[in-house]
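Below you'll find the structure, written out as structure tokens, and then a few comments.
Excluded from the calculations below are hydrogen atoms, water molecules and symmetry mates; all remaining heavy atoms, backbone and side chain alike, are included. Numbers for residues simply follow the sequence, beginning at 1.
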Amino acid sequence: MMNDILKQIKAGEVSGVQFKERILDKYDIACELVAFSNSHGGKLVVGIKDKTGETNALSYSEVQETTNLLSDIASENVVPSILIKIDTVEVEDGNLVVATVKEGLNKPYHDNKGIVWVKNGADKRKVFDNAELAEMMTDCGSFAPDEAGVRNATVNDLDAMTIKQFLGNRFDRVLEKKGLTGDAFNEASLDMICSAIAKGHDCEKILRNLRFIRPDGTLTVAAMLLFGKYTQRWMPMMTAKCICFAGNSIGGKVFRDKVNDADMEGNLLHQYDTIMDFFTRNLHNVQVGDEFNSMGKLEIPYTSLVEFTVNSLVHRSLNMKAPVRIFIFDNRVEIHSPGALPNGLTIDDIKAGTSMPRNMFLFNNAIYLLPFTGVGSGITRALDEDVNVTFMNNDKAQEFVITVWREESNQVGNEVHEKSTQVEDHDTGLRHSDTDLATDHDTFAEDHDTIHSYHDTNHDTKRVPLTNKQKDIVNFCSVPRTSREILERAGVVYHTKNIAKYITSLVAAGYLQMTNPDNPTASNQKYKKVNKR
């Protein structure tokens, strides 16, 4: 310990180590202990001049007095009181006293004046923002924002088709025993599905039993995020901002693509679909193999984008009043998720597959709508795709940023939205840090027997049920694709039956359209997603 302290003295004060020559002001010391407890802990070293780093060792009597003072301050001037570990380090002419403070389990802590302090580099700062206080409470498990109530919202504000899809996935075995699979499931009403799951239960009773409705009758935040028709009407900042810039600067005034706020409005499933559309139409396809006609693939692996996108939506801080922000630049893609890593997680932890969800209730239920498994393998699976990615955990800005770097060869000749457009409403309060999530899901194109309805909050006509694989194909065709590319994506052989199942049927249903409809058998025929308004 002595060597570590002496090395730190030479290095100077940092966020986890503070120097004091003597304890002259009990209140000042209490503020330091509060800041450590509300942050990641630290050490207070007494006997060092904080301005110069020079040693001014304590005598034997001073050591006794300082030890007693520190214990008194920790129990009387920090609320709630904390326990600290006190050691002495022998140096020339005397001793240093080292008080070790652990990260608190009962945040937020405050001084005896009611002020909350946190570390801010080598210094400390006061906290007044309710969102930051709520984040502290969330971090130590005393507040669950995803289980909080949404005032004045009712079951009528939820989308019945999304609830039906959720129940179909969550209770697939129960429904299979009742014969409610395939066409029978698609034709059944939501109340019929609910009654089959639990006799005599309607949708409201099922949601109440699943804790999406609180005992006082209000909907939870998780219910609105997962099933809301117009989620942003109730929670305006629970959305995403997607901009594709021309160039490499956030300050650029020219962009190639921008998702309108109205197009993003909806629940997490709708937001996910919209974000993936944004990626597939703005990132390049690169040729695979030596032959000119060989299949292409997205320059950033689609699976990695799925992992990063789902995690930015599910693991974002629900206390921070800021949107998820996704930027595409010529040389990189940035995904900004509100809230730094929770529960003391580090970047190395998440790379190793450690999963400690911030929003546990939302996380445990989103698995039945979004493509992830919840077993902690998401980030490792994304990294297995050989992406050039960096992570930044920004405690000060309270955000986690993923930066995926694009190949130089992909920065030239953008074939999508080549005509630049002036940015409108650019100064809308979007935050940006330099460069800087991810959790767990199944391979996105994995086929399931369960049938889902394709979710489109901007189109109210009857929707044709799609399998997960068909839904993946629809998103895949945000960029025009050949029939061979589509069937390769589906993982099936090139055969007329598969063309009928995965292409012709989607064209007939109105989800795909031909790029050359006047000549259906044209050799250069491709298929693209129909964007319904």
Side-chain angles (χ1 to χ4, degrees), residues 146 162 165-166 169-170 221-222 224-228 231 238-242 259 264 266-280 283 298 300-318 323-328 333-339 341-342 345 350-351 353-385 387 389 391 399-404 436-446 448 452 454-455 468-469 471-472 474-476 478:
D146 49 352
T162 309
Q165 179 175 338
F166 170 83
N169 289 335
R170 179 159 184 171
V221 167
M224 186 56 70
L225 286 172
L226 292 175
F227 312 129
T231 301
M238 296 299 121
T239 185
K241 304 285 186 180
C242 300
V259 178
M264 186 61 70
N267 56 41
L268 292 187
L269 180 58
H270 173 74
Q271 291 180 43
Y272 167 80
D273 288 337
T274 306
I275 292 169
M276 295 310 297
D277 286 350
F278 172 74
F279 280 136
T280 53
L283 296 176
L298 209 60
I300 298 174
Y302 194 84
T303 300
S304 296
L305 292 173
V306 169
E307 303 288 343
F308 297 146
T309 299
V310 170
N311 284 278
S312 68
L313 296 173
V314 174
H315 291 293
R316 60 152 295 159
S317 167
L318 301 178
V324 171
R325 297 174 301 128
I326 297 176
F327 304 134
I328 296 178
V333 172
E334 291 183 2
I335 302 175
H336 297 244
S337 184
L341 287 176
L345 280 177
I350 63 170
K351 284 182 177 180
T354 303
S355 179
M356 295 182 67
R358 184 197 308 271
N359 310 305
M360 183 61 74
F361 182 67
L362 175 65
F363 173 79
N364 286 337
N365 286 284
I367 188 174
Y368 300 107
L369 283 175
L370 297 172
F372 70 101
T373 62
V375 295
S377 61
I379 190 67
T380 54
R381 185 160 52 249
L383 295 177
D384 285 343
E385 295 289 337
V387 291
V389 58
F391 303 94
E399 67 173 359
F400 185 83
V401 185
I402 299 173
T403 302
V404 187
D436 168 41
L437 254 241
T439 181
D440 341 292
H441 4 348
D442 290 320
T443 302
F444 182 67
E446 184 180 0
H448 299 281
H452 303 301
Y454 186 75
H455 188 73
N468 277 351
K469 185 174 288 186
K471 184 177 176 183
D472 177 52
V474 171
N475 279 330
F476 183 63
S478 294

Kindly give the heavy-atom pair with the smallest separation between [X] and [Y], and that separation in Å.
X: Arg316; Y: Leu313; answer: CG-O, 3.4 Å
X: Ile335; Y: Phe308; answer: CD1-CB, 3.6 Å
X: Leu370; Y: Leu268; answer: CD2-O, 4.1 Å
X: Cys242; Y: Met264; answer: SG-CE, 3.8 Å
X: Leu225; Y: Leu362; answer: CD1-CD2, 4.0 Å
X: Val324; Y: Ser312; answer: CG2-O, 3.4 Å

- Item | Check: Thr231 and His270 side chains under 4.5 Å, non-hydrogen atoms | no
Taking it one step at a time, do Val306 and Tyr272 satisfy side-chain contact (heavy atoms from CB on, under 4.5 Å)? CA-CA 9 Å; Val306 169; Tyr272 167 80; 3.4 Å; yes
Exam field: side chain [X] to backbone [Y], donor-acceptor pair closer than 3.5 Å:
X: Asn359; Y: Val314; answer: yes
X: Asp273; Y: Asn475; answer: no
X: Thr403; Y: Glu334; answer: no

Please round to the nearest 0.5 Å and tell me the distance separating atom [atom1] of [X] and atom [atom2] of [Y].
X: Met276; Y: Gln271; atom1: CE; atom2: CD; result: 14.0 Å
X: Lys241; Y: Phe278; atom1: NZ; atom2: CZ; result: 13.0 Å
X: Phe227; Y: Thr162; atom1: CZ; atom2: OG1; result: 8.0 Å
X: Ile275; Y: Thr280; atom1: CD1; atom2: OG1; result: 12.0 Å
X: Leu369; Y: Phe166; atom1: CG; atom2: CZ; result: 6.5 Å

### Message
Could you walk me through whether Phe400 and Ile350 satisfy the side-chain contact (heavy atoms from CB on, under 4.5 Å) test, starting with their C-alpha distance in whole Å, then the side-chain angles of each, then the deciding distance to 0.1 Å, before giving a yes or no?
### Response
CA-CA 12 Å; Phe400 185 83; Ile350 63 170; 3.5 Å; yes
| request: For side-chain contact (heavy atoms from CB on, under 4.5 Å), just list the numbers for Arg170 and Asn365, CA-CA rounded to whole Å, side-chain angles, deciding distance to a tenth of an Å, and then say yes or no. | output: CA-CA 9 Å; Arg170 179 159 184 171; Asn365 286 284; 2.7 Å; yes
side-chain hydrogen bond (donor to acceptor under 3.5 Å, both in side chains) filter on Asp146, not counting sequence neighbours, yields none
Only residue of Ile328, Leu305, Val389 satisfying side-chain contact (heavy atoms from CB on, under 4.5 Å) with Ile300 is Leu305
Review point. Could you walk me through whether Phe361 and Val221 pass the side-chain contact (heavy atoms from CB on, under 4.5 Å) check?
Key: CA-CA 10 Å; Phe361 182 67; Val221 167; over 6 Å; no
- What class does the angle between the rings of His315 and Phe363 fall in, given that below 30° is parallel, 30 to 60° is tilted and above 60° is perpendicular? tilted
